[in-house]
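Comments concern the structure below.
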Amino acid sequence: MFRPYNFGPGPAQLPDVVLNKASKELFDWNNSGMSPMELGHRGSDFKKIIEKCLANASELLNLPSTHRLLFMQGGARAQNAIIPMNLLNERRLCDFVVTGYWSEQTAREALKYGITNISASSEGEFVSIPSTSSWLVNKKTSYIHICSNETVHGVEFFEWPNLTSIERENIPLVVDMSSNILSKRMDFTKIGLAYASAQKNIGPAGLTLVIVNEELLQDRSNRGLGICPTVFDYRNLIKTNSLYNTPPTFSIYVAGLMFEWLKEKGGVDEIEKINLEKSKLVYETLDSSDFYQTFVSVKFRSRVNIPFFLPNKQLYNFFIEGAKKRGLINLKGHSAVGGLRANLYNSMPIEGVKELVNWLKEFEINYG
Ligand SMILES: Cc1ncc(COP(=O)(O)O)c(C=O)c1O
């Protein structure tokens, strides 16, 4: 069967080995005579699945013992409401650094629950990250939110902001990692809370990962709004090991297969090397040409999501149609920025990226 290379922003393609294993086990998981979809979420079989999944994810992420990993639903968008409901203190202040479409959306949603302060913004073009020294973070704020990788604009943090340098080291850093979690090694000791939708680097949509420093949740009188639904209350999820209500069992099962796949590939350090090589191949091709344009400052260019542009609008359809004929799909840019975008999640093999590079070169020869 022909399988195209899917360069879409998510849901991403899954490795063939993962799909093959899932399809083999679809009718019978571990001689249970039941599909993973049919296993009761409180039964011993599913317990094995979720525990292994949690253990492998924690190992791959190198989580410190201070932090808990939770499985939730609702995607990253739901976290934009769930985080303020859990983390706002009595002053209800929360700070945001806006570096693109997604952090802007997050700040907007938080307005419903708290008093938001935009500490810094690269609004206008969203092609860089304002230096931490310029951030104006409220002293009494509940948390400061960043998006570690702006999926739409292609801007990525390569180191965490040094909050000590602006005398805000006691303020929890909250990070939307939806598009670059597990794509490279990250230091979670510096993070108060991180969250990510699954459908890019983790597995199928339906599952959301939340990583939280338990210290933040110790004093209920200090943080959290009474209106937070029980099902979204982090303390409740910690207490029930993410099993307060029925979790997305099949998505958790497939995420578990993805974690096994990543471990077999050598873990996050190895995938980071491959991701670096993949993004280098694309950027080198774009940079060596006067035909293609990129706007993000080199220092902040995402290794995962690469937006790029053609010299005139008439060419886009030819590019997308030609790419499709070569089995390279979903290269259209997000409607907020237009143009084209190559999304290189963990499961995009280097062979797919090489095919894309060949097409970029061929297209330039024909239309440049
Ligand atoms: C960085 C980032 N945050 C949030 C979201 C929203 O995720 P979801 O659709 O799972 O709510 C996306 C989706 O593309 C994203 O890339």
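Note that ligands are numbered from 1 as they come in the structure, with each ligand's atoms numbered from 1 the same way. These values consider heavy atoms only, across backbone and side chains, with no hydrogens, waters or symmetry-generated copies. These figures come from a predicted structure and were not determined experimentally.
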With backbone taken as N, CA, C and O and side chain as the heavy atoms from C-beta onward, which portion of [X] lies under 4.0 Å from ligand 1: side chain, backbone, both, or neither?
X	value
Ala76	both
Gln199	side chain
Lys200	side chain
Cys147	side chain

Worked verdict on Asn149 versus Ser302 for side chain to side chain donor-acceptor pair (under 3.5 Å) = CA-CA 7 Å; Asn149 184 67; Ser302 168; 2.7 Å; yes
Describe, in one word, how the ring planes of Phe308 and Phe319 are oriented to each other, choosing from parallel (under 30°), tilted (30 to 60°) and perpendicular (over 60°).
->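 Perpendicular, since the angle between the ring planes exceeds 60°.
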Applying ring pair (Phe, Tyr, Trp, His ring centres under 6.0 Å) between Tyr367 and each of Tyr292, Trp359, Phe318, report the one that passes.
-> Phe318
Using a strict 4.0 Å threshold on nitrogen-to-oxygen distance, state whether Arg303 and Glu272 make a salt bridge.
-> yes
Lys273 and Glu270 ion-paired at < 4.0 Å | yes
Enumerated ligand 1 atoms positioned under 4.0 Å from heavy atoms of [X]:
X	answer
Arg77	6 (C), 11 (O)
Thr151	1 (C), 2 (C), 15 (C), 16 (O)
Ser197	7 (O), 8 (P), 10 (O)

Can a non-hydrogen atom of Met177 be found less than 4.0 Å from any atom of ligand 1?
-> no
Provide, to 0.1 Å, the distance between atom 3 (N) of ligand 1 and the closest protein heavy atom, together with that atom's residue and name.
->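 Going by distance alone, atom 3 (N) of ligand 1 is nearest to Asp176 OD2, 2.6 Å.
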For Thr141 and Asp95, does a side-chain donor sit closer than 3.5 Å to a side-chain acceptor?
->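 Yes, Asp95 and Thr141 have a side-chain donor paired with an acceptor closer than 3.5 Å.
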Flag for Asn358-Lys361: side-chain donor and acceptor within less than 3.5 Å =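 Distance-only check fails for Lys361 and Asn358.
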